[in-house]
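What follows is a set of notes on a single structure, which appears directly below.
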Amino acid sequence: MTTANDTIDRLAGLTDASPVFATRRQRDKVAIATQACEDLLLGNGLADSLSQAERLVLASEQCRVSGVPALADEYRRRAEALALTPALQAVLATPDAQAGDARLDAALHFVRTLALHPAESDREALLALPASGLSIDDTVLLAQLVGFIAYQLRLFAGVKAMAELGGQTGAPTAEPVAAAPFVHPANLPAPGEPLRRNGYTSETLDWKSWLPVLDPAAATAEQQAVLDLSHPKARTSDFYLLLARQPRVLSERSQAFNAIMYAPGGLSRPEREVAATAVSRSNGCIYCASVHAQRFEQLAKRNDVMAQMFDDPDTAGTNARERAIIQSSLALTRAPGQFGAADLQPLRDAGLTDQEILDMLHSAALFGWANRLMLNLGKEVYLTTP
């Protein structure tokens, strides 16, 4: 892959000689999957009634509201190269305008609400989409588009901040001081037992869709294939049965998710879960926070930092690395348009390599996508009384 066909590289001003370009190539599967998601969601290869022009205008508006003008302008230019309806022209011409079209206005409300505050959307905002004329399949497509743009614009902000920070000089990182033997806090349940604090939990939850899910028995061959690849329990999961309404998008998203969360080397698996949980806690996604707090406990054999994040993410972290990961994840989540080198410096000061920093950015940005799906397509369900 070269900078010419990678939107993030190009807009961040990376060249083949850039240290950050080289770092991104260490995670080439993520870069390729990210671009593939963009090409599918914003290209002309989808036959849905939510047109390419509408998707580009909505993506531009989400980037504008999120404070990332470089991406907003990119998608505006692509949209303007197409034949636009008067309603789409009105959206591009006037910030915060209504389109005067019920279907497009419902989509704009959904996009603008989810841009920075996904927990403020709800079942009513979602159901307004099919009520305005969007099909259920197009409603799922719009939700995936909003999630992807939330991820992409944050990843772009992070990569740009890495370029501003400058690549590492190659000086060896100081050997860390040996940590004191871990002593589990007496006021916390043992790892593996449910951690319940401040409305958040590490226990296993279910999730129920607010939209009709796919009937596996009536699924197309393409939908059957993506269900087979998605998860062993995909055919009994509302989440996968809903997203499988858009099988190509689900498949591309799964490629990106797996490349980010399970790639070998770089940031440790537990620390990726720290970033994922920090974002989920900030966005108010109880379901995602539960899944990734539990995974952290399984990997790290402790739950102290999860308890701290459930109580107050702004003060959480049991060591300098955790604190830096959490604070950088929160900054990227809350204000991507203001994210810069100063938000990454604590990570480098804590000893993270550039690849580890990029892995942290990938994890944090990814959960901007995951949270928006979980929060705005359905609701978590407790299997036991909370």
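- Contacts of Ser363 classified as side chain to side chain contact (heavy atoms under 4.5 Å, CB included), with partners at least two apart in sequence or in another chain: Ile260, Met261, Arg272, Ala275.
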From CA spacing to verdict: side chain to side chain donor-acceptor pair (under 3.5 Å), Ser280, Tyr200: CA-CA 10 Å; Ser280 301; Tyr200 291 84; over 6 Å; no
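- In Asp228, the CG atom is crowded: over 12 heavy atoms of neighbouring residues, nucleotides or ligands sit closer than 6.0 Å.
- To the nearest 0.5 Å, the span separating CD on Glu54 from CG on Asp101 amounts to 7.5 Å.
- Residues Ala115 and Val65 approach most closely at CB-CG1, 3.8 Å, considering heavy atoms.
- Taking every heavy atom of both residues into account, Ala72 and Cys63 meet most closely at N-CB, 3.5 Å.
- Between Thr277 and Phe310, the shortest heavy-atom distance links the atoms CG2-CE2, 4.3 Å.
- Ring geometry for Tyr240 against His231 counts as parallel: the plane angle stays under 30°, on a 0 to 90° scale with 60° as the upper cut.
- Arg196 places no side-chain N or O within donor-acceptor distance of the main-chain N or O of Thr201, the cut-off being under 3.5 Å.
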Verdict with reasoning, Asp354 to Leu358, per side-chain contact (heavy atoms from CB on, under 4.5 Å): CA-CA 6 Å; Asp354 281 5; Leu358 182 62; over 6 Å; no
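- Counting all heavy atoms, side chain and backbone alike, Asp238 lies closest to Ser209 at OD2-N, 3.0 Å.
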Residue pair Arg64, Asp73: steps toward the salt bridge (charged side-chain N to carboxylate O under 4.0 Å, His left out) verdict: CA-CA 8 Å; Arg64 183 192 69 81; Asp73 291 345; over 6 Å; no
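- Checking side-chain atoms of Arg372 against main-chain N and O of Gly368 turns up a donor-acceptor pair under 3.5 Å.
- For Asp137, the salt bridge (Lys or Arg N to Asp or Glu O under 4.0 Å) partners are Arg245, not counting sequence neighbours.
- For Glu164 and Lys160, the salt-bridge test passes: some basic side-chain N is under 4.0 Å from an acidic carboxylate O.
- Ionic pairing of Asp314 and Arg334 is present here: one or more N-O contacts between side-chain nitrogen and carboxylate oxygen are shorter than 4.0 angstrom.
- Note on Leu155 and Tyr262: same hydrophobic cluster, where clusters join Ile, Leu, Val, Met, Phe, Trp and Tyr whose side-chain heavy atoms are under 4.5 Å apart, directly or indirectly.
- Residues Asp312 and Gln308 have side chains that never bring a donor and an acceptor to within less than 3.5 angstrom of each other.
- Shortest non-hydrogen contact noted between Ala106 and Ala128 is CB-O, 4.0 Å.
- Asp215 CG to Leu241 CG: the interatomic distance, rounded to the nearest 0.5 Å, is 8.5 Å.
- Under a 3.5 Å cut-off, the side chain of Glu74 and the backbone N or O of Leu11 do not form any donor-acceptor pair.
- From Leu56, atom CG reaches atom CZ of Arg76 across 12.0 Å, with rounding to the nearest 0.5 Å.
- Here Arg248 pairs with nothing under the salt bridge (Lys or Arg N to Asp or Glu O under 4.0 Å) rule; sequence neighbours left out.
- By the 4.0 Å N-to-carboxylate-O rule, Glu356 lies too far from Arg348 to be salt-bridged with it.
- Relative to the six-membered ring of Tyr75, Arg77 misses at least one condition, a distance below 6.0 Å or an angle of at most 45° to the axis.
- Residue Leu205 holds its CG atom at 7.0 Å from OH of Tyr287, rounded to the nearest 0.5 Å.
- Judged by distance alone, the side chain of Gln62 and the main-chain N or O of Ile149 form no donor-acceptor pair under 3.5 Å.
- A salt bridge does not link Glu61 to Arg55: none of the charged nitrogens lies less than 4.0 Å from a carboxylate oxygen.
- Ile8 and Phe148 fall within a single hydrophobic cluster, where Ile, Leu, Val, Met, Phe, Trp and Tyr are joined by side-chain heavy atoms under 4.5 Å apart, directly or via other members.
- Other residues, nucleotides and ligands contribute over 12 non-hydrogen atoms within 6.0 Å of the CD atom of Gln89.
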side-chain contact (heavy atoms from CB on, under 4.5 Å) between Met306 and Val274, intermediate numbers included: CA-CA 8 Å; Met306 295 296 133; Val274 167; 4.1 Å; yes
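- Between the side chain of Gln35 and the main chain of Thr7, a donor-acceptor pair closer than 3.5 Å is present.
- For the residue pair Asp138/Ser49, the side-chain donor-acceptor check at 3.5 Å is satisfied.
- The closest side-chain donor-acceptor pair between Thr384 and Glu203 falls under 3.5 angstrom.
- The backbone N or O of Val279 sits nowhere less than 3.5 Å from a side-chain atom of Thr333 that would complete a donor-acceptor pair.
- Judged purely by atom type and a 3.5 angstrom limit, Thr94 has no side-chain atom pairing as donor or acceptor with the backbone of Ala97.
- Of the possible polar contacts, one joining the Arg281 side chain to the Met309 backbone as a donor-acceptor pair under 3.5 Å is found.
- Shortest non-hydrogen contact noted between Ala364 and Ser329 is CB-OG, 3.8 Å.
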From CA spacing to verdict: ring-ring contact (aromatic ring centres under 6.0 Å, His included), Phe367, His292: CA-CA 11 Å; Phe367 277 81; His292 296 280; 4.5 Å; yes
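- In this structure, CG on Leu242 lies 12.5 Å from NZ on Lys208, to the nearest 0.5 angstrom.
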Stepwise side chain to side chain donor-acceptor pair (under 3.5 Å) test for Glu271 and Ser268: CA-CA 5 Å; Glu271 288 175 325; Ser268 72; 3.2 Å; yes
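- Between the Asp9 side chain and the Leu14 main chain, no donor and acceptor come within less than 3.5 Å of each other.
- Proximity of Met374 to Trp207: side-chain heavy atoms (C-beta onward) are separated by under 4.5 Å at one or more points.
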Residue pair Val111, Leu142: steps toward the side-chain contact (heavy atoms from CB on, under 4.5 Å) verdict: CA-CA 9 Å; Val111 167; Leu142 177 60; 4.2 Å; yes
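- Contact annotation: the side chain of Leu377 approaches that of Leu243 to within less than 4.5 Å [non-hydrogen atoms, C-beta and beyond].
- When the side chains of ILVMFWY residues are joined at heavy-atom separations under 4.5 Å, either directly or via intervening members, Leu116 and Leu361 end up in two distinct hydrophobic clusters.
- For the atom pair CG (Asn5) and CG (Asp39), the distance works out to 8.5 Å, reported to the nearest 0.5 Å.
- At a threshold of 4.0 Å, the pair Arg302-Glu297 does not count as salt-bridged, since none of the basic side-chain nitrogens sits closer than that to a carboxylate oxygen.
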Derivation and outcome, side chain to side chain donor-acceptor pair (under 3.5 Å), residues Asp359 and Gln355: CA-CA 6 Å; Asp359 284 344; Gln355 186 182 20; 4.8 Å; no
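- Without hydrogens or angle criteria, Ser132 side chain to Leu129 main chain gives a donor-acceptor distance under 3.5 Å.
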Residues Lys379, Arg123; criterion side-chain contact (heavy atoms from CB on, under 4.5 Å); working and verdict: CA-CA 9 Å; Lys379 178 74 173 175; Arg123 184 174 182 271; over 6 Å; no
Full working for side chain to side chain donor-acceptor pair (under 3.5 Å) between Ser328 and Asp343: CA-CA 6 Å; Ser328 186; Asp343 297 298; over 6 Å; no
